[in-house]
Amino acid sequence: MPVKLPVPIEFRLPEGWLPAAPPDGVDVPGVAFAAVHPHPDHGFTANITVAGEVRQESAPLTELADASAQRLREAVERVVVTGRREVGSAEAPALAQRLTFSGVVGGTRHDLVQSQVFVAFSDVLNPLRRAVIQLVLTATADQHNEVLADFQEFVRTVRPDTRAGVEQ
């Protein structure tokens with residue numbers, strides 16, 4: 001079942017990418033939105049997922065990134081964090097990390113790469129709280145570099161939706 005994000009956001013999908021309906025159709029619990037690439041690679045469809053949670057301001061993004069890698073380790077084999085760096089701005093700090101792992105999809109083992117970006121948005125009503133949005137690209141190792149530019153383009157379009165009502 002799709003979940004609701006802690007802060008409304010807006011974004012634009014890269015050309016050719018298709019919303020997955022329902023988002024849990026990509027078999028990732030806790031996902032608020034998912035999109036799929038139109039051209040699978042050897043039976044695996046590259047996908048972009050969006051999830052989010054509310055965190056205390058003092059909780060570092062590295063803590064979320066570590067927890068994400070650990071959850072993946074509980075589901076698949078040989079998860080390796082191959083890169084991690086701080087990105088974003090003072091208004092919206094972010095952390096990007098790349099993970100490699102092996103997984104079985106549709107009865108076939110695939111070497112996969114996940115590019116994850118954690119973006120923090122401060123709560124204007126309570127500065128001790130912040131919403132963290134997790135943006136994830138999952139693709140085969142062979143296709144990852146081909147779709148990475150699309151994901152980077154997608155990440156650049158993500159911003160709070162100032163037209164939406166704020167939830168408490």
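On a predicted model such as this, the values are computed, not experimentally measured, just so you know.
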Contact summary for L5 and A51, nearest pair of heavy atoms: CD2-C, 3.4 Å
Compare all side-chain heavy atoms of V50 with those of V31 and state whether any distance is below 4.5 angstrom. no
Mind checking the CD-CG spacing from E153 to L13? Nearest 0.5 Å is all I need. 9.5 Å
State whether the side chain of Q97 and the backbone N or O of A65 hold a donor-acceptor pair below 3.5 Å, judged by distance alone. yes
What verdict does the side-chain hydrogen bond (donor to acceptor under 3.5 Å, both in side chains) test give for H37 and T45, after you've listed the backbone C-alpha separation in whole Å, the side-chain angles of each residue and the deciding distance to 0.1 Å? CA-CA 6 Å; H37 191 264; T45 303; over 6 Å; no
Would you sort out whether R84 and D66 count as a salt bridge (charged side-chain N to carboxylate O under 4.0 Å, His left out), showing the intermediate values? CA-CA 10 Å; R84 181 182 283 179; D66 289 341; 2.8 Å; yes
Do the side chains of F33 and L135 get nearer than 4.5 Å, heavy atoms only? no
At what distance, to the nearest 0.5 angstrom, does CG of L95 lie from CZ of F118? 7.0 Å
Rounded to the nearest 0.5 Å, how far apart are OG1 of T138 and CG of N47? 4.5 Å
Which pair of non-hydrogen atoms, one from V136 and one from F151, has the smallest distance, and what is that distance? C-CE1, 3.8 Å
Let me confirm one number: the CZ-CZ distance from R12 to R156, rounded to the nearest 0.5 Å. 9.5 Å
Going by heavy atoms in the side chains, are H144 and L137 under 4.5 Å from each other? yes
Checking T100 against D111 for the side-chain contact (heavy atoms from CB on, under 4.5 Å) test, could you report, in this order, the C-alpha distance in whole Å, the side-chain angles of both residues, the deciding distance, and whether it holds? CA-CA 7 Å; T100 60; D111 290 330; over 6 Å; no
Backbone N or O of F11 within a donor-acceptor pair of the T157 side chain at under 3.5 Å? no
Considering all heavy atoms, the nearest A46-A139 contact: CB-CB, 3.9 Å
Side-chain touch E86/P93, heavy atoms, less than 4.5 angstrom: no
Non-hydrogen atoms of S68 and Q134 that approach each other most closely: OG-NE2, 3.2 Å
Verify whether one side chain among H42 and T140 offers a donor that lies under 3.5 Å from an acceptor in the other. no
Are V80 and T82 close enough that some pair of their side-chain heavy atoms sits under 4.5 Å apart? yes
Connected to L72, directly or through other members, by ILVMFWY side-chain contacts below 4.5 Å are F44, V76, V79, V81, L99, F101, V105, L112
